[in-house]
Amino acid sequence: MITFENVSKQYPDGTRALKNITLTVEEGELLTLIGPSGCGKTTTMKMVNRLIEPTEGKIYVDGNDISSIDPVELRRNIGYVIQQIGLLPHMTIAENVALIPNLKKWPKDKTQKRVDELLDLVGLDPSVFRDRYPLELSGGQQQRVGVIRALAAEPPVVLMDEPFSALDPISREQLQDELVKLQKEIKKTIVFVTHDMDEAIKIADRIAVMKDGEIVQLSDPETLLREP
Ligand code: ADP
Ligand code: ADP
């Protein structure tokens, strides 16, 4: 679904953030990118939706070379969840979720039904949360809304960059469980960045270990546990 072919990135100041990465993320798998701060995880993610262009190499999404896809069009097919999810404070949770372009075109009652379904998926009672404002939610609850907002447009690919890192340990574990459950139902292609090995092992189908701009190991969680 996503293929990196000999991808390198050198920033204008000379920093070599990625060195000749080759990697395929299969359709429907949850792949985690793990590694210490500065190893190139975010750079890798940002190249997939063309927030950053590679210096060398090619990236394909669903078989198409993304350098020839309009970035706006590309991002319509790629959900993005980050630590600071940025819900709009003056809009209710339902309004925030329904901002997604394809929901905006739907009749009102259909949109509401979809928003309620999505809230249910992440364990937020729609009758309670639909009409609340973001600041009336805990951090963990806001982050759940961020996850469903990224999913609402039903993009085939979802990128998640340390989405749970700012949360307290309990919310974090709950969200990890929910993501695993959700992924069983929706089977999206997900790339999930973390620096936490426990988190990676818990949620991933495969784990790519990065170090100094390179992928130094690629395996499933069981293998990684056996041969660390
Ligand atoms: P990670 O997400 O793993 O923490 P990044 O992809 O953010 O790593 O960064 C990889 C390397 O590239 C780091 O050395 C970082 O300092 C550098 N880097 C990131 N963004 C820029 C930039 N805009 N200009 C120069 N160097 C950058
Ligand atoms: P957490 O410990 O998970 O960060 P909080 O202490 O922020 O949670 O909130 C606990 C509960 O109170 C949550 O269910 C949250 O939705 C609710 N809550 C927090 N702030 C408000 C508010 N201003 N109005 C209504 N409910 C709130």
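In each ligand, atom 1 is the first atom listed, and ligand 1 is the first ligand listed. On a predicted model such as this, the values are computed, not experimentally measured, just so you know.
Taking every heavy atom of Lys41 and a limit of under 4.0 angstrom, the matching atoms of ligand 1 come to 1 (P), 2 (O), 3 (O), 4 (O), 6 (O), 8 (O). Near Ala17, with a cut-off below 4.0 Å to any heavy atom, the atoms of ligand 1 are 10 (C), 11 (C), 12 (O). Less than 4.0 angstrom separates some heavy atom of Thr15 from each of these atoms of ligand 1: 12 (O), 14 (O), 17 (C), 26 (N).
One finds no salt bridge joining Lys9 and Glu53 here, because no Lys/Arg side-chain nitrogen approaches an Asp/Glu carboxylate oxygen to under 4.0 Å. Salt bridge Asp212/Arg16: absent, no basic N to carboxylate O contact under 4.0 Å. A salt bridge does not link Asp125 with Arg130: none of the charged nitrogens is closer than 4.0 Å to a carboxylate oxygen. In this structure, Arg76 pairs ionically with Glu73, as a charged nitrogen and a carboxylate oxygen lie closer than 4.0 Å. For Glu117 and Arg114, the salt-bridge test passes: some basic side-chain N is under 4.0 Å from an acidic carboxylate O.
Protein heavy atom in closest approach to atom 11 (C) of ligand 1: Gly38 O, 3.6 Å. If you check which protein heavy atom lies closest to atom 8 (O) of ligand 1, you get Gly40 N, 3.1 Å. Protein heavy atom nearest atom 18 (N) of ligand 1, with residue, atom name and distance: Tyr11 CE1, 3.3 Å.
By the rule that hydrophobic residues join a cluster once side-chain heavy atoms approach within less than 4.5 Å of another member, Tyr80 and Ile148 end up as members of separate clusters.
Of all the heavy atoms of Pro36, the ones lying under 4.0 Å from any atom of ligand 1 belong exclusively to the backbone. Under 4.0 angstrom from ligand 1, the non-hydrogen atoms of Thr42 come from both its backbone and its side chain. Both the backbone and the side chain of Thr43 come within 4.0 Å of ligand 1, judged by heavy-atom distances.
Tested against Ile190, the residues Leu159, Val157, Leu30 include a single side chain to side chain contact (heavy atoms under 4.5 Å, CB included) partner, Leu30.
By the 6.0 Å and 45° rule, Lys58 does not stack over the aromatic ring of Tyr60.
Inside a 4.0 Å radius of atom 16 (O) of ligand 1 there is not any protein heavy atom. Shown here, atom 22 (C) of ligand 1 is in close reach of the protein: a heavy atom of it lies under 4.0 Å off.
Distances from ligand 1 to the non-hydrogen atoms of Gly35 include no value under 4.0 Å.
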